[in-house]
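The structure under discussion appears below in the form of structure tokens.
A, B, ... follow the sequence lines: proteins, then strands. Residue 1 opens every chain. All values below come from the heavy atoms of this structure, side chains included, with hydrogens, waters and symmetry mates left out.
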Amino acid sequence: MNLIIAFLLIPFAGLLLIPFLEVKWKGIATLILLTVNAVISGYFAVQSLRGDAISLILPGSYVTGPIPLRLDALSGWFILIINLIFLTGGLYGFSYLKTYRERRNSLTLHAISFLFQHASMLSICLIQNSFVFLIAWEIMALTSFILIIFEHENPVNIKAAINYLIQAHFSIVFLMVGFLWVINKTGSYDFQAITTYTASLPGPASLMLFLCFFIAFAIKAGFVPFHSWLPYAHPAAPSHISGMMSGVIIKIGIFGILRMLLIVKTDFILAGYLILIVSVLSGLYGVMLAIIQHNLKKLLAYHSIENIGIIGIGIGIGCIGTGSGNHVLATLGFAGALLHTLNHSLFKSLLFFMAGNIYQSTHTMDIEKLGGLIKKMPQTALLFLIAALAICGIPPFNGFISEFIIYTGLYSWLSGGTLFSLLAAIFSTVGLVAIGGLAMICFTKAFGIIFLGTERHTLPHSCREVSFLQLLPGYLLAGVIILIGLFPLMFIRMLEKPVGLFTVIPLFPSEHMPANAFEALQPISWASWILIVLIICVFCIRKYVMSKSRIDMSPTWGCGYVAPNFKQQYTASSFVRSYSKLFAPALLVEKEEELLHGVFPGKVKYHTRAYDKVEKWFIDPILKLNKNFLGKFVFLNNGKLQFYILYGIFFILAVLSIPVLYVGVMSFIEILKNL
Amino acid sequence: MLSILLIILAAFFFTGIIIRTKSLASGRKGPGILQPIRDVIRLFRKGVVYSETTSFVFQLAPTVYFASVVMAMLVVPFGQSRGVLSFNGDFIFFAYVLALGKFFSIIAALDTGSSFEGMGASREALYSMFAEPAFFILMGSLALLSGHTSFQEIFAYLHIGSQISYALAALATFVLLMIAMIENSRMPIDDPKTHLELTMIHEVMILDNSGFDLGLILTAGYLKFAIYGALIVNLFIGVIPYQYAIPAFFAIQFLIAATIGMIESFMARFRMSHNPQFIVVLTSVSLLIFFGVLLILQKFI
């Protein structure tokens with residue numbers, strides 16, 4: 001109890017303290033407060049992963065009713081992820097923002113929002129009262145809005161942030177509909193009321209309720225077609241914030257979906273298929289669009305959609321497993337999804353941090369303009385390479401482990417079942433394989449064009465490696481990435497309790513964690529070691545043999561052409577040209593080109609801009625309708641402060657008069673009835 | 001362990017046989033069967049030239065590529081004898097560890113800054129992406145048929161099956177053979193002997209490699225061929241005792257190599273723009289196998 005109060009006090013302490021500190025201390029104070037909060041919550045989270053679920057009920061107030069706080073293993077797992085990413089993100093942000101020292105006020109606001117966001121996300125994992133949950137959810141949306149607009153002098157950033165804010169509120173609308181539905185029927189804010197209520201509901205109705213929550217959380221998580229805020233918000237935010245948005249904010253959507261699966265009693269098979277289909281599509285669509293992006297952060301943002309898809313595939317097959325009583329499938333699905341959630345947080349935030357390093361030393365995010373950075377920023381390049389390999393699911397890194405678990409799930413699903421489930425399994429497998437292959441195109445392009453070759457564009461200033469302090473969070477994350485790759489079983493054991501929550505959903509009691517489901521991970525761990533030892537051995541032999549022979553340096557072989565210049569190198573567009581031609585029906589690339597004409601050709605131009613078909617057909621019309629409707633009221637927006645205050649007063653009066661009006665209307669109806 | 005020994009032995013002859021077949025088909029005597037191995041040994045002794053543009057990635061890549069192929073070799077079984085590593089889902093590891101090598105060979109090509117090598121890298125990334133679903137569907141179908149998910153158990157079961165499993169094995173052979181051709185950049189997809197860099201895939205990616213590194217890459221290529229050959233052999237030998245299985249292994253490997261030689265002698269490379277279609281056809285063939293398996297299991301009613 002006291003610790004909860006301490007936990008709540010910390011952001012407020014930050015609120016009171018940070019504005020009065022020197023610029024240098026603002027960051028340090030934020031980090032200290034963050035660490036304290038992380039340690040407190042982390043302690044309980046570890047307890048819950050060991051099996052001691054904590055549950056207590058705060059008295060709350062007249063408005064909210066009692067506020068149950070329940071820390072089960074699922075919350076514990078997400079709290080640990082959030083803490084890890086916030087700590088590394090905070091540390092990275094601390095060095096990243098050093099160049100912005102003169103902007104004292106922005107920094108203060110940023111630091112406070114950072115603390116509040118951390119607290120709100122931790123609360124979301126705990127609170128099981130729908131009213132207070134929505135408040136925490138709103139705090140998270142607002143603080144992330146503030147965090148995104150750190151560089152608010154750029155109108156593009158403001159626009160992206162407002163886009164995010166609107167879509168975040170669409171998500172809140174769906175959440176409210178779902179919660180109000182239950183509150184209206186049961187009169188209780190407690191999440192347990194949802195369980196008891198949906199248990200009594202007929203199938204379609206409970207599925208509708210689940211869909212309501214699913215859409216709300218899918219908007220946050222960035223499932224296609226609700227993904228369109230991601231590619232705008234990520235590039236607009238400063239890099240540590242993009243890393244955290246991709247690392248944890250969208251994972252809160254995943255948390256929400258998992259939580260709802262636990263508390264909403266619905267047809268798991270149907271829900272599972274639905275999640276599976278949406279996820280495969282998200283995964284494919286995300287990576288297909290990621291490949292053609294030329295802005296590094298935008299590319300990474302689309303890639304988050306892909307990874308959310310992979311997590312979703314895990315959740316989907318897990319649900320189907322739970323629904324059909326196939327416990328091996330359920331275990332593998334949920335374990336894969338939860339582990340991939342952690343994995344994606346690790347490598348995606350690492351990638352965003354490295355993107356931040358690139359941005360700070362080159363001042364551009366345009367992949368086409370970069371090149372040869374590996375010689376100037378070798379450490380950034382190495383870390384980026386590790387993350388890129390991990391995100392492609394290549395052994396011996398962590399991405400492979402979680403994808404392997406999901407694959408094992410899909411193949412175990414194949415060992416029986418109906419024609420429909422077999423087809424679903426094989427096509428999901430194909431989807432996952434294609435995602436893997438496309439991810440490889442995407443990251444060979446990103447790494448190859450940014451870091452390799454020579455400069456493709458003369459940068460206005462020289463660039464150099466960032467400070468060690470700024471690289472440190474990257475090294476920490478890379479360390480965890482490699483650790484999971486080499487000792488997967490250690491982390492799988494941590495997942496025992498969270499996965500157990502799903503496999504023992506009362507309707508289908510099951511034995512605990514089938515032992516054989518993960519038996520393949522031990523040989524994989526050996527295989528990873530063998531691979532590393534093998535690489536080192538071959539490299540040493542190579543070194544020994546080559547020490548005796550002559551080593552010469554010369555220019556790259558130009559196939560007979562002796563004066564190649566840096567402009568003739570392959571660019572990102574040329575690297576993916578055959579891909580984008582093949583996949584043209586699914587993509588939307590606006591092209592501006594002036595080709596060579598005549599004997600004495602003049603200037604030529606070739607410019608492409610990638611847009612998003614789903615966004616164009618699904619999101620843009622809704623936004624346009626919204627805009628047209630609200631445009632009718634633009635006369636209210638006359639720029640006079642007095643009027644705005646007047647509107648405010650009207651609004652307050654209207655809200656206050658609702659009960660009075662209600663009583664009046666009711667008594668009027670009574671009178672009518674009595675007549 | 002047996003499988004490693006056999007694969008290494010087969011790798012000694014495989015490429016030599018292809019080259020010999022091609023020479024004979026075009027009316028020449030051709031080099032000895034061990035010539036590719038002699039080439040590699042010569043390369044191991046030679047000095048190296050590095051491009052000034054390259055970084056540590058370029059130096060590390062051939063090693064990683066070679067190591068990834070050796071790792072893939074470790075999970076391939078031979079009949080009843082398991083690979084060094086055998087576990088449920090080892091074929092997933094097989095495909096992904098090969099992807100590690102591919103990733104490195106692609107970025108090494110980009111490391112040189114040459115547009116020719118960039119072109120090869122781009123094609124390699126695209127085609128290998130297209131080839132992978134076929135392998136996974138194939139293995140999925142075999143897993144469904146046999147009820148097991150590791151190479152050794154799948155192959156051991158296949159033999160016991162009815163005649164129709166041999167029909168499926170024939171289709172599977174086709175798919176595996178074509179995947180082997182794509183992975184090794186052989187004829188219908190890529191022509192290793194062309195002299196125009198614009199029309200190459202794999203060869204153009206390793207233009208700047210020389211000496212020991214080039215030797216490693218070539219050796220890895222020979223091994224890769226023998227590995228896929230071994231997978232195809234496994235489709236047929238099942239639980240046959242070793243005294244027949246081992247000669248059968250070499251006979252089938254020889255047959256595959258000779259077939260590849262014949263294909264390369266009498267077929268022209270596809271146009272680059274037709275390659276994706278061809279590779280997607282492979283995926284549909286493996287889907288055919290999948291539906292065949294569904295038929296056997298009487299899932300269609």
Side-chain angles (χ1 to χ4, degrees), chain A residues 374-375 389 392-395 400 404 407-408 411-412 414-415 419 422 426 429-430 433-434 436-438 440-441 444 447-449 452-454 519-520 523-524 526-527 530-531 534-535 538-539 542 545-546 549-559 564 568-570 574-576 578-579 582, chain B residues 44-53 55 57 60 63-64 66-67 70-71 74 85 87-89 92-93 96-97 99-100 102-103 106-107 110-116 118-119 121-123 125-126 128-129 132-133 136-137 140 143-144 147 149 197 207-208 211-212 216 276 290 294 299-300:
Chain A
I374 196 167
K375 294 186 198 69
L389 286 165
C392 292
I394 287 174
F400 176 68
F404 180 84
Y407 271 120
T408 319
Y411 279 111
S412 81
L414 271 179
S415 62
L419 179 63
L422 289 174
I426 204 79
T429 312
V430 173
V433 176
L438 289 165
M440 202 161 100
I441 300 183
T444 45
F447 182 78
I449 304 296
L452 304 176
T454 53
E519 71 182 7
I524 283 186
W526 293 333
I530 298 175
L531 179 62
L534 199 64
I535 290 174
V538 177
F539 200 74
R542 171 181 175 278
V545 174
M546 288 202 349
S549 52
R550 220 177 87 190
I551 298 174
D552 291 317
M553 300 298 278
S554 87
T556 299
W557 170 237
C559 301
Q568 289 173 340
Q569 288 179 88
Y570 241 45
S574 38
F575 187 75
V576 298
S578 28
Y579 159 81
L582 275 172
Chain B
F44 280 151
R45 290 197 196 126
K46 275 188 143 184
V48 240
V49 184
Y50 285 120
S51 156
E52 286 147 1
T53 322
S55 63
V57 170
L60 186 63
T63 309
V64 176
F66 178 77
V70 173
M71 266 324 282
L74 295 188
L85 288 165
F87 47 90
N88 286 336
I92 303 166
F93 180 77
Y96 271 76
V97 84
L100 170 71
K102 244 176 269 168
F103 193 102
I106 291 168
I107 58 175
L110 288 170
D111 199 11
T112 60
S114 143
S115 46
F116 291 110
M119 188 158 37
S122 157
R123 287 172 182 163
L126 189 64
S128 56
M129 183 271 289
E132 269 179 12
F136 276 82
I137 298 175
L144 174 61
T149 50
E197 289 85 356
L207 270 184
D208 263 276
F212 194 85
L216 277 182
F290 181 70
L294 288 185
K299 293 282 178 187
F300 290 117

Any side-chain heavy atom of [X] sitting closer than 4.5 Å to one from [Y]?
| X | Y | value |
| --- | --- | --- |
| A/Ile551 | B/Tyr50 | yes |
| A/Ser574 | B/Ser122 | no |
| A/Cys392 | B/Phe103 | yes |

Taking all non-hydrogen atoms of both residues into account, name the closest pair between [X] and [Y] and its distance.
| X | Y | result |
| --- | --- | --- |
| B/Phe136 | A/Tyr411 | O-OH, 2.9 Å |
| B/Ser51 | A/Thr556 | OG-OG1, 2.6 Å |
| B/Pro133 | A/Val433 | N-CG1, 3.6 Å |
| A/Ile426 | B/Gly140 | CD1-CA, 4.3 Å |

Under 4.5 Å from a heavy atom of chain A, the part of [X] involved:
| X | result |
| --- | --- |
| B/Phe66 | side chain |
| B/Ser114 | both |
| B/Asp208 | side chain |
| B/Arg123 | neither |
| B/Leu60 | both |

Between atom [atom1] of [X] and atom [atom2] of [Y], what is the distance when rounded to the nearest 0.5 Å?
| X | Y | atom1 | atom2 | value |
| --- | --- | --- | --- | --- |
| B/Phe93 | A/Ile524 | CZ | CD1 | 7.0 Å |
| B/Ile107 | A/Leu452 | CD1 | CG | 6.0 Å |
| A/Thr429 | B/Ile137 | OG1 | CD1 | 8.5 Å |
| B/Met129 | A/Leu582 | CE | CG | 8.0 Å |

* To do: Would you please name every residue forming a side chain to side chain contact (heavy atoms under 4.5 Å, CB included) with A/Leu422, sequence neighbours left out?
  =>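 In terms of side chain to side chain contact (heavy atoms under 4.5 Å, CB included), with neighbours along the sequence ignored, A/Leu422 is linked to A/Leu414, B/Leu144, B/Phe290, B/Leu294, B/Lys299.
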* Name all residues meeting the side chain to side chain contact (heavy atoms under 4.5 Å, CB included) criterion together with A/Ile530; count only those two or more places apart in sequence or in a different chain, and write none if there are none. =>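 Applying side chain to side chain contact (heavy atoms under 4.5 Å, CB included) to A/Ile530 gives B/Met71, B/Leu74, B/Leu85.
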Heavy-atom pairs under 4.5 Å with chain B, option from [options] with the top count:
| options | value |
| --- | --- |
| A/Trp526, A/Phe404, A/Phe447 | A/Phe404 |
| A/Gly436, A/Ala434, A/Gly393 | A/Gly393 |
| A/Met440, A/Gln569, A/Arg542 | A/Arg542 |
| A/Ile535, A/Asp552, A/Leu438 | A/Asp552 |

Top contributor to chain A interface from [options] [non-hydrogen pairs under 4.5 Å]:
| options | answer |
| --- | --- |
| B/Leu216, B/Asp111, B/Thr112, B/Leu207 | B/Asp111 |
| B/Gly211, B/Ala143, B/Ala125, B/Gly147 | B/Ala125 |
| B/Val97, B/Thr149, B/Val70 | B/Val97 |

* **Stepwise side-chain contact (heavy atoms from CB on, under 4.5 Å) check, A/Phe575 with B/Ile106** => CA-CA 11 Å; A/Phe575 187 75; B/Ile106 291 168; 4.1 Å; yes
* To do: Return yes if some donor-acceptor pair links the side-chain N/O of A/Lys375 with the main-chain N/O of B/Thr53 below 3.5 Å, else return no.
  =>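 Confirmed, A/Lys375 side chain pairs with B/Thr53 backbone.
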Examine whether an atom of [X] lies under 4.5 Å from a heavy atom of chain B, and if so say whether it belongs to the side chain, the backbone or both; otherwise answer neither.
| X | value |
| --- | --- |
| A/Phe400 | side chain |
| A/Val538 | both |
| A/Met553 | both |

* **Parallel, tilted or perpendicular, as decided by the 30° and 60° cut-offs, for the rings of A/Tyr407 and B/Tyr96** =>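 Ring orientation of B/Tyr96 relative to A/Tyr407: perpendicular.
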